Structure formats: C-alpha cells, structure tokens
Amino acid sequence: MTTASEWTPGEAAAKDPHDRPERPWWQGAVFYQIYPRSFLDTDGDGVGDLEGIRRRLPYLARLGVEALWISPFYRSPMADYGYDVADHCDVDPLFGVLDDARELVRDAHEHGLRVVVDYVPNHTSDQHEWFIDARSSRTSAHRDWYVWAGDDPAAPPNGWMSFFSGGPAWTWDAATGQWYLHLFLPEQPDLDWRNRDVVDAMHDVLRFWLDMGVDGFRIDVAFLVGKDVPLRADAPRPAPSPYTHEVLRGVRRLLDDYPRDRVSIGEIYIMSTRAVAEFYGRNDELHLNFNFPPLYAAFEEPAWRACIDNVVDALDPIGAWPTWVLSNHDNPRHRTRYGSADKARAAALLLLGLRGTPFLYAGEELGLSDAVVPPERRADPVGRDGCRAPIPWEAGPGHGWPVDDPWLPWPPEAPAAHAAAQEADPASSLHLYRAALAARRRSPALRHGDFRWLEAPPGVLAFARGSGADQVDVVVNMTGGEVRFPGAYELLVASAPGQAEWRGVLGAWSAAWLAPRPARGRRRRP
Ligand code: GLC
C-alpha cells in the first residue's frame with residue numbers, strides 16, 4: 001500500500017497540499033546534496049548553475065533519491081563560496097536569476113523530488129546591506145543587528161577563536177571604534193538574534209522561500225545561532241546557548257504553520273550525539289539534525305558500532321529521528337577517506353540500510369574521490385576544494401560541461417568513470433546506488449522499520465530492519481578477508497560488483513542486504 005508520504009515521481013501534482021501524513025515524508029526519503037558550483041555549468045563560465053541542476057532532474061529522479069538539498073545559490077561575494085550571503089532573497093548572477101530558482105523548484109516537484117534550500121542564519125556577508133549600514137555608525141538602524149563589543153583596539157572582547165582563521169573571532173572596526181564578532185571569516189559577521197528585528201527579517205527569508213514552494217531548510221551552523229550574554233571568555237568557542245534553542249523553536253513554529261510538511265535540518269557540528277539530541281527539543285525544535293561522528297569514523301566495525309549505539313541510546317528514548325551522512329562539501333569524500341572503492345561501495349549499503357534519513361553528496365553515487373588541487377588552483381580559504389570538484393557527466397575533455405577546465409580540477413575518476421560510462425556498466429557504482437535506492441523505496445522495513453543488532457563474526461556489522469515477512473538484514477564485512485554469514489536468505493543487493501546470488505559468504509570489504517527466506521515446511525517422507 002502506498003501511503004501519502006510515499007511520494008513517487010508523477011504523483012506530485014495529485015497531492016493534497018494540506019495533507020499531513022502520519023509519517024512525515026522526510027523520514028522515509030533519501031536526500032541528495034548538491035553543491036551548485038560543481039554540479040553542472042550551462043552558461044560556459046566554468047561554474048555550475050541552477051539551470052545545470054534543472055537539466056539533471058531526470059537523472060536524479062532515475063537515481064531514486066527523493067529530496068534535494070541545494071547549498072547556497074544566493075547573492076554573495078563568495079568569500080566562503082555562498083555561505084556569505086549578501087541577499088537572502090535573490091540568486092547570485094553566477095547561478096542564474098530568481099526565476100531559475102522558481103522553475104527549478106517547480107520542475108523538481110514534477111519529477112517527484114522535494115527541494116530543501118540552505119538557510120544561513122548565523123551570519124551574513126559583510127557586503128549585506130544590513131552590515132554595510134551597521135558599520136556605518138554606532139547609531140545606524142542596523143547597528144545592533146550584529147554583535148559589537150569592546151572599545152580597546154588592543155583587546156578583543158573575549159577569547160573566542162574563528163573556526164576558519166585560527167585567530168580571534170573578532171575584527172576591529174576602526175571607523176566606529178568597536179569589535180564585531182565573526183565565528184567564521186571576517187567577511188561573515190555574526191547576526192544578533194536577540195534583536196527582534198533580526199528575528200523578523202530572518203523569518204521573512206524563510207517565508208520567501210516557503211512561499212516559493214521549497215520543502216524545507218538545511219540550517220547552517222544551527223547550533224551556534226544564539227550567543228550567550230554576557231559574552232563569556234572562558235573557552236575558545238562559544239558554547240551552544242539556551243537562546244539558540246529559543247531561536248530554533250521560533251523557526252519550527254513558523255514551519256509548522258505552513259501547509260504541507262516542511263522540514264528543518266540542523267547542521268550540528270558537535271561530536272557528542274547526546275548533545276546533538278538536544279536540538280530536537282521536545283519535538284519543538286528541528287525535525288532532523290546532522291550527527292557527524294559517523295562522517296569521521298574509520299571503516300572499522302568497533303567505530304561504527306559505537307556510532308550506531310550512540311544514536312540508538314541518545315535519539316530513540318526521545319523519539320528523535322536520526323540522520324546519516326558519509327560525505328559533504330566540507331570534508332573529504334568517504335571514497336577518499338577510506339582509500340578503497342570496495343569500502344566506499346559497502347559503506348553505501350550501510351548508510352542506506354540504517355534506520356534514519358540518509359544524505360548522499362552529489363558524485364557519491366559515482367564513487368568519486370576528491371580532486372587533487374595544486375596550490376595555485378586552491379580556492380577555499382580553509383582547503384575544502386578536493387570534495388568540491390566538478391561532477392564529470394560524460395567523456396572528456398569537458399565531461400559534459402561547456403568548458404574543458406572548470407573552476408576546480410576534475411576528480412581522478414573523470415576519464416574512465418564519468419556518469420555516462422557508469423550508465424553503460426551494470427557493475428558500476430551508479431548501478432549499485434540505483435539498485436539500493438530502488439530496493440529501499442520498495443521496502444517499508446528499510447525506510448521505517450525498527451533496528452536490531454544481529455550476532456555477527458568479529459569485524460562484521462549485522463543488523464535487522466523491520467520484522468516478519470518484511471524483514472531485511474544488513475550485513476557489512478569491515479575486514480579484509482572473507483567471512484561466513486550463514487542463513488536462508490534471498491540476496492536483495494550486494495556491494496560486490498556482479499554478485500547475483502547469496503552463498504552465505506561475504507567477500508572482503510563488502511556488504512549485502514538480505515531478505516530472510518521463510519523456512520520451508522518439512523516434506524513428508526513418502
Ligand atoms: C557550514 C557550512 C560551511 C561554511 C560554514 C560557514 O559549516 O557547511 O561550508 O563554510 O558553515 O557558513
């Protein structure tokens with residue numbers, strides 16, 4: 001039976017816009033993160049654009065993901081490649097115009113894909129008109145939209161350090177004789193959400209995109225939006241303040257007032273899953289939160305077992321729905337971190353087999369590694385270029401882009417394993433992801449089912465999702481040798497290229513999804 005939340009391509013138009021299904025769509029969906037600069041260029045400037053995303057919608061629908069998270073495409077001087085927003089309600093000319101965004105949302109919906117956009121509430125660009133006004137004088141209308149403090153040019157107001165420069169998180173503004181706070185680059189001044197005008201203006205931003213039809217927001221640096229007052233000096237970084245939780249409750253109320261389920265997904269860069277749990281509130285803060293320890297975990301059984309146990313222990317008791325992620329635009333891709341295509345393939349079945357909402361990062365389905373970026377081509381101030389390499393869609397030299405040499409070098413797989421080559425190869429990573437996503441879509445156990453550890457040999461993770469006729473067992477061999485995993489099973493998906501049948505053995509660094517076969521009734525002896 002298909003419930004209202006099981007939204008398949010083509011059904012978009014038929015959906016009741018006020019429908020609130022029992023189980024929200026974002027619990028069953030697989031998300032796909034797009035870094036627009038690197039997805040596909042259509043206007044020849046070597047930088048991807050919104051039209052490039054629109055042209056690949058059929059590919060994404062066919063891949064079988066159900067929701068897109070698009071990193072910022074707003075007007076920006078690009079000091080932090082779009083995470084320095086100069087106008088939250090306009091598209092940067094690099095990426096297109098506002099109508100391109102409108103069309104993209106509409107067309108994505110027609111392809112059965114939801115659209116989540118990035119929301120950057122912690123800071124703006126120093127070129128945002130609010131900050132230009134704020135720094136124009138101590139009495140300007142927007143002065144206290146930002147965090148200003150101290151009047152001694154020799155002594156920053158406290159010891160907070162920038163996440164990016166390693167230096168103070170404060171920059172002295174000589175013209176007005178005060179310091180302003182920037183937890184990231186000096187070009188990214190922090191907003192002061194204690195100011196009601198900031199709350200109103202930033203809520204208007206949410207409404208702008210919700211009215212355009214977006215299905216939710218990925219909330220940048222969600223854990224640090226509210227600052228402690230007085231500004232404490234006792235740590236290099238601000239601790240999440242109770243006020244952050246108030247800000248997030250305000251965002252949640254706004255989303256809940258909108259028809260259709262709109263989702264909020266917090267970027268919570270804290271390495272304690274218990275601390276991450278707090279950002280769900282009492283189901284009155286964010287719907288989903290990124291939990292990053294798995295993204296840093298080695299491909300080793302004890303490390304992953306601990307990550308999974310931490311999620312079960314911290315999130316289950318409060319009824320919070322987990323998320324899982326292996327790669328994103330801020331960290332080396334998991335193919336690079338693991339240093340092995342086999343491990344990367346096995347990890348895909350682990351990620352998509354876990355209980356919770358998985359997030360894929362564009363190009364992950366192609367098994368891409370990070371590009372090697374020579375020093376003279378480095379773009380990002382803190383060295384995250386490798387994972388942001390352009391996606392190779394076709395054979396070279398331009399790999400489907402209108403220029404041969406886009407803003408960053410190609411990933412090493414581009415010549416042999418571009419998307420078109422993988423399309424033609426049934427053993428490719430692309431086909432594995434498609435098979436897994438299709439199987440997951442068909443299986444309520446994988447989408448929503450309970451999680452239960454199964455007995456397994458050392459170095460192997462094995463767990464059951466769902467129960468009864470609907471059960472799927474996920475088995476991941478995190479060792480470099482073959483392991484036996486006996487049982488009466490039907491093979492649903494295997495990470496090992498070309499494996500079609502289950503013989504009770506998992507090859508080195510490989511994973512399988514298995515459906516327990518009901519034991520056959522004993523035959524009567526004649
Ligand atoms: C988040 C983004 C990252 C950005 C930073 C500052 O961590 O994911 O790309 O640089 O916030 O906005």
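Each ligand, and each atom within it, is numbered from 1 in the order the structure gives. Owing to the predicted nature of the structure, the values given are computational and were not obtained by experimental measurement. Note that these values count all heavy atoms, side chains included, but never hydrogens, waters or copies made by symmetry.
Using a 4.0 Å cut-off between a side-chain N of Lys or Arg and a carboxylate O of Asp or Glu, Asp200 and Arg207 do not qualify as a salt bridge. Between Arg377 and Asp405, at least one side-chain nitrogen of the basic residue sits less than 4.0 Å from a carboxylate oxygen of the acidic one, meeting the salt-bridge criterion.
Counting only N and O atoms by type, the side chains of Glu365 and Tyr59 include a donor and acceptor under 3.5 Å apart. Donor-acceptor pairing under 3.5 Å is recorded for the side chains of Tyr146 and Thr124. With hydrogens and angles left out, the side-chain atoms of Tyr83 and Ser76 include no donor and acceptor closer than 3.5 Å. Side-chain N/O atoms of Arg143 and Thr176 include a donor and acceptor closer than 3.5 Å.
Sorted by chain and number, the heavy-atom contacts of ligand 1 below 4.0 Å come from Asp80, Tyr83, His123, Phe164, Phe184, Gln188, Arg218, Asp220, Val221, Glu267, His329, Asp330, Arg384, Arg388.
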